[in-house]
Amino acid sequence: MTIEEAVDWIHSRKKFGSRPGLERVQALLNKAGNPEKQVPVIHIAGTNGKGSTVAYLRSILAAAGLTVGSFTSPYIEEFNERIAINGKSIADEDLITWVERYQPLVAELDQDAAINGITEFEVLTSLALDFFLEQKVDIAIIEVGLGGLLDSTNVVQPLLTAITTIGYDHTDILGETLPEIAMQKAGIIKKDVPIVTGNITAEALTVIKQKAENEQAALYQYGKDYQVDYLKPDGSWGERFNYTSDVGRISKLKISLLGRHQIENAGVAIKLYQLYCQQKQLIFEEKAVRNGLLAAQWPARMEKISDEPLVILDGAHNDHAIKRLVENMKREFSEYNIHILFSALETKDIDSMLKDLRKIPHAHLYITTFDYPKSLNLSRFDDQETDRFSVVSLWQFGLAEILEAMDDSDLLLVTGSLYFVSEVRQLLLNVGGNDERN
């Protein structure tokens with residue numbers, strides 16, 4: 001089997017779609033020997049900020065000398081990155097080996113009418129946990145795929161949990177109000193397992209508090225049990241902040257990701273690290289926090305991939321993320337003429353996202369589509385073009401025209417669906433000869 005064949009087999013399970021529920025994945029894990037009961041896990045949910053928080057936390061824990069597995073989605077550079085140890089993607093030969101082990105298990109379960117049709121994400125969840133068990137990781141950080149309560153990752157028995165943010169996304173599945181969405185995210189809270197929350201609005205936090213109380217889970221809240229204080233940038237790319245909790249204050253921390261919300265995500269990660277150290281009776285190392293945060297990378301999140309011209313990629317794929325992006329652009333790049341190349345999936349609230357993007361000063365919005373299921377249908381934007389709004393049928397040509405016209409006063413922002421941003425990123429890095437970043 002080649003790596004392409006292995007990945008194709010995993011992708012072949014996409015035909016079963018996204019099917020909330022734990023019955024199928026639990027049946028697969030039972031066949032595999034129940035790795036979910038043996039791998040130490042930190043479980044992270046949230047509308048936005050999950051991936052960045054995973055990146056910060058795994059980098060801090062690795063800087064402290066631990067072997068850290070991570071399971072994330074979607075991928076930006078390569079499929080294998082979804083399953084990684086200390087930030088290094090699973091090797092092709094390992095992924096092939098695990099696919100060959102799982103094919104007969106899945107085939108056997110497909111014969112059972114009650115649980116057949118195991119999905120791609122369910123296969124990956126089980127495979128990742130099995131791989132981490134075999135590799136004897138000290139801790140595995142598992143990112144929720146969708147929601148929490150019925151997400152296939154919710155089979156784990158975590159040491160710690162976290163919910164980063166609550167916003168409107170996947171409302172057709174998770175509910176149309178913030179309390180309803182919060183109820184789904186809070187489904188990861190387990191009895192007696194500490195929970196850390198990020199910057200979450202009061203109405204959503206009330207639901208989480210009640211769930212934590214019901215489960216007798218110690219709750220550590222942003223702004224109450226720990227806080228982050230934003231500092232002015234020092235001129236380099238990234239953000240600076242102070243962190244304060246019951247263990248004291250760590251001053252002038254630096255991250256290489258841009259955006260005030262990123263220091264909130266970093267705060268969640270530091271608090272999780274602190275609690276992990278307390279559980280395992282390890283020394284809380286300030287040096288590991290500093291070095292880990294600075295080393296953390298997360299592609300396509302306010303990522304600068306070119307200085308001349310200035311090009312920034314941000315996979316702000318829902319309204320909550322777009323609002324934070326608009327805040328960042330207004331604060332950090334007000335002196336630039338901004339070109340925004342945007343595309344998204346039709347499952348998102350595109351009208352609301354575009355309304356927010358139009359609030360960025362000195363900006364021209366180019367809306368486009370790309371080759372992906374349920375990608376943006378441009379026909380509804382016929383006859384809507386203005387001097388600040390253009391429809392681009394082929395994003396590759398639109399991208400080339402924008403780049404050709406840019407000078408030192410211009411900035412290109414590529415945003416929207418992470419799948420779209422990933423495609424643009426790959427093209428720009430290949431054209432720019434920057435493949436060493438892959």
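Note that the coordinates shown come from a computational prediction; the quantities given were computed from them, not determined experimentally. Values below: every heavy atom of this structure, side chains too, minus hydrogens, waters and symmetry copies.
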Would you check if the side chain of [X] reaches a backbone N or O of [Y] as a donor-acceptor pair within less than 3.5 Å?
{"X": "Asp151", "Y": "Leu146", "answer": "yes"}
{"X": "Gln184", "Y": "Glu180", "answer": "no"}
{"X": "Asp138", "Y": "Thr67", "answer": "yes"}
{"X": "Arg19", "Y": "Gly117", "answer": "yes"}
{"X": "Gln216", "Y": "Ala212", "answer": "no"}

If you measure only the distance, is there a donor-acceptor pair under 3.5 Å linking the side chains of [X] and [Y]?
{"X": "Thr369", "Y": "Ser375", "answer": "yes"}
{"X": "Gln274", "Y": "Ser245", "answer": "yes"}
{"X": "Tyr220", "Y": "Thr197", "answer": "no"}
{"X": "Lys209", "Y": "Asn214", "answer": "no"}
{"X": "Tyr75", "Y": "Asn80", "answer": "no"}

Presence of salt bridge, Lys323 and Asp319, under 4.0 angstrom: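 A salt bridge links Asp319 with Lys323.
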Charged N-O contact under 4.0 Å between Arg260 and Glu264: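 No, no charged N to carboxylate O under 4.0 Å.
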If you take all heavy atoms of [X] and [Y], which pair is closest and at what distance?
{"X": "Gly398", "Y": "Val392", "answer": "CA-CG1, 3.6 Å"}
{"X": "Ile181", "Y": "Gly167", "answer": "CD1-O, 3.4 Å"}
{"X": "Leu418", "Y": "Ala300", "answer": "CD2-CB, 4.2 Å"}

Phe284-Tyr276 aromatic ring centre distance below 6.0 Å: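 Phe284 vs Tyr276: aromatic centres not under 6.0 Å.
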Quiz item: cation-pi between Arg331 and Tyr230, 6.0 Å / 45°: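 Flagged: Arg331 positioned over aromatic ring of Tyr230.
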Pi-cation contact, Phe389 with Arg358 (under 6.0 Å, within 45°):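 Yes, Arg358 and Phe389 form such a contact.
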Salt bridge (charged side-chain N to carboxylate O under 4.0 Å, His left out) between Glu108 and Lys31, worked out: CA-CA 10 Å; Glu108 188 177 342; Lys31 288 279 184 189; 2.5 Å; yes
